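For clarity, every value in this text was computed on a predicted model and none was experimentally measured. Lettering of chains follows the sequences in order, A, B, ..., and the numbering in each one begins at 1.
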Amino acid sequence: MMRFMLLFSRQGKLRLQKWYTATAERDKKKMVRELMQVVLARKPKMSSFLEWRDLKIVYKRYASLYFCCAVEEQDNELITLEVIHRFVELLDKYFGSVCELDIIFNFEKAYFILDEFLIGGEIQDTSKKSVLKAIEQADLLQEEDESPRSVLEEMGLA
Amino acid sequence: MPAPIRLRELIRTIRTARTQAEEREMIQKECAAIRSSFREEDNTYRCRNVAKLLYMHMLGYPAHFGQLECLKLIASQKFTDKRIGYLGAMLLLDERQDVHLLMTNCIKNDLNHSTQYVQGLALCTLGCMGSSEMCRDLAGEVEKLLKTSNSYLRKKAALCAVHVIRKVPELMEMFLPATKNLLSEKNHGVLHTSVVLLTEMCERSPDMLLHFRKLVPQLVRILKNLIMSGYSPEHDVSGISDPFLQVRILRLLRILGRSDDDSSEAMNDILAQVATNTETSKNVGNAILYETVLTIMDIKSESGLRVLAINILGRFLLNNDKNIRYVALTSLLKTVQTDHNAVQRHRSTIVDCLKDLDVSIKRRAMELSFALVNGNNIRGMMKELLYFLDSCDPEFKADCASGVFLAAEKYAPSKRWHIDTIMRVLTTAGSYVRDDSVPNLIQLITNSVEMHAYTVQRLYKALLDDISQQPLVQVSSWCIGEYGDLLVSGQCEEEEPIQVTEDEVLDVLEGLLVSNLSAPVTRGYSLTAIMKLSTRFSSVNRIKKVVSIYGSSIDVELQQRAVEYNALFKKYDHMRPALLERMPIMEKTASNGPTEIVQTNGETEASMPDTKHLPLVTQPANQANDLLDLLGGNDVVPVIQTTLPTKPASAGGELLDLLGDLSLSGDPAPAPSVPISQPPFLLDGLSSQPLFNDTSAAIPPMTAYSKNGLKIELTFERTNPNPNIAVITIHATNTTEADMTEFVFQAAVPKTFQLQLLSPSSNIVPALNQGSVTQVIRVLNPQKQQLRMRVKLTYTHKGSPVQDLAEVNNFPPQSWQ
């Protein structure tokens, strides 16, 4: 299973962290720091896989962001790369040509998308369309919550 | 109080901070505002505030005061609140926090909510971070949802169930009924998560595994449909239909087929089909192939399929994509033991990977190369590996050197090749070899009798070039000390003998002593080597001088050695030849195990009981003859108390220091990784019990000798574990009015026995019975023959030397029966 996923920039700024095992806050910070160091030190020619502690790390760089997953010994690294890619595609579709800034300013949405894609480190749905539709619907629900007030107000009728 | 600022605005503001301090200030200010807002129990802005808190938490700032607020958000009716609340819970409220259990009720309610997206939030949260208690409380709800027809919920419930099972394995049973028709779903999301759930159950419970084996045909069918079906836009990835599902099914098949012939047979065809038909141009196809290979290798597949799998891995090795090469090497490493021949076919490709730029690939290639070395390819492989050793990163050198030594030991085609290989490793990676290599190499060299001259010559030449690599220097010093006579006499047959004088050799060794590059251990080696040469070279005076200089060395170890060697020159000169003679051949019991030192004698027949026949090292004839004369005739084997004054990095097989204490004083030499550092005395190889733990019935003591005031009494012990060993302690007492100084006790036993003399307690027998000298003798008597002993006593009494011989025959029967 996937133990955790991290998104961080080239400058070592964390943009998203999702942990699928209960870990102490202090340990999380330590692991993140350590892992960022290791991954950022990798040269472009190197493979996307490395061993770290007792886990396998699968990482890929998309523009200025590193997507980094920790999986267990028996997990398939190549398909993990595909999982990462699928997540990026979802973000891309949702935000329309996603860039790091989108994820910075809309981090909670990035989390919502991730949580619609994976649960407990495993894929919920292999259909891109299905995942995006669910997010869309949930967003609509959110708007319904808020809209009654703001629409009327905007129209100056409240 | 003005409305709290919006999330986006906060983010924007914080990003304008130019220094860490500025950022911290902004954060603190905002946190204070948020705190007071929380205190006001404001429902309107709670969501916004928690969102901001989560952002600050991601930057690394503490956010624990928001935990309860998350709970309030979860309990709210608004979807927006719930969304942020659950996110906050997942980020801040893991099972280590006490308050997390308060969530349970909310989640329970939300699991039954009318809106499926709310239910989804609850399932997701529970499935990501639910604690064991929460899982126990809510498992029933999850089970219910697992049976719903709503595929959106069903897929989430399945993954939630996986988490529940991971947390509370006992609850697995309750999910069994719900799994009944999971695989008949059309929805890929449900299919995928169901396969994950089934996998989890089968991995955890052998009973479940048996139960679900019947699903193999259905799984095979689903997989087949995926492969054969046409283009399905919804699940397509680079022309492959739902690769994620394919991989998961393959993995489940692996678990089901493991150690079951029928299941394995049922999946044979589909595996072959996937293996041959999958498009390999993109990573996704290779991911499926990879999983297929793993499955084929793990189940009871027929050999044709296995070969197919290994060939796929072989093709992977040639792939441009380094990720593919990486997984190929990893998999090959796993299979090299079981499918050795198949992997051998790809040996040259693997060896090429040694030159790859990626560190992980290089490491795997190295490990795999060592696994593939055998008697047939040793020369070629070693050439590649030595080349690799030359050029690889330092992090590899130690492992590579060890690997080379191991491989050379197992498959060396000739002794010369072996020695040459070792030389090569020592000269190129000499500082990286492991500590235990040094004693192992010394052992190897000692045992390669005919190569001594060649070895010492090459090592000497290497020393002339470079004295910085300590293991090399240590082995070289040892060899020169041991075989220096061969060096100066120019006896080398294998190559052109070099002309070197004794002085030149001593120059080199003395150079090591003074060089800054030499480690303390190396200096010890060097000093001992110089000392040993005193019996092999003629320039004894020079050696005496060196030794006496180091008697006042600051290094305690060197000082001790020098002092002892000095003493050897002064008071025990007659023993020096015996002490410093050639090392006997060492018998290795295991490659890292304790070594049995076989006592040898001057005669060439090696009829040692319990030991293998070994060619004896030719011993300098003179000193052996001393004892032979002593004992007269050939039926008695003289015991040469060959104790090694040096302790070559404490590999097994040290003998006691004659002049030192009874116990092996803690050697400052780097304690190697050999855990079996208990000094295995000659007879220890037969029993690993400590010496004196015997509690057998007391054997009566006896008087062995009594003449001119010197009395020698013997007491006995039988060490229990090995009844063939008798431990005899001599007690020497002196009734005259003058001390007997420089007292030395020597003994010899018949050929069928073996004897070992430990160090005496002292060599002065005080006058008038004021004390005694004790010494322990261990006798091995496997043939249970009657024990006889000849003893020789030498001492100085009232200024004049005394020497006497005696025979001891009246041993009590219990001591040898």
Pairwise side-chain contact, [X] with [Y], heavy-atom cut-off 4.5 Å (strictly under):
X	Y	result
A:Met1	B:His163	no
A:Gln124	B:Leu159	yes
B:Tyr290	A:Glu77	yes
B:Leu87	A:Asp115	yes
B:Arg12	A:Phe105	yes

Are [X] and [Y] close enough for a salt bridge, meaning some N to O gap below 4.0 Å?
X	Y	result
A:Lys128	B:Glu234	no
B:Arg8	A:Glu108	yes
B:Lys78	A:Glu144	no

Item to check | Verdict with reasoning, A:Asp75 to B:Arg251, per salt bridge (Lys or Arg N to Asp or Glu O under 4.0 Å) | outcome: CA-CA 9 Å; A:Asp75 292 321; B:Arg251 186 156 155 185; 3.0 Å; yes
Item to check | B:Leu7 portion near chain A, given a 4.5 angstrom heavy-atom threshold | outcome: side chain
Next on the checklist: Checking B:Lys155 against A:Asp125 for the salt bridge (Lys or Arg N to Asp or Glu O under 4.0 Å) test, could you report, in this order, the C-alpha distance in whole Å, the side-chain angles of both residues, the deciding distance, and whether it holds?
Outcome noted: CA-CA 8 Å; B:Lys155 70 189 188 195; A:Asp125 206 320; 2.8 Å; yes
Next on the checklist: Just by distance, no angles: are the side chains of B:Asn283 and A:Glu82 close enough, under 3.5 Å, to form a donor-acceptor pair?
Outcome noted: yes
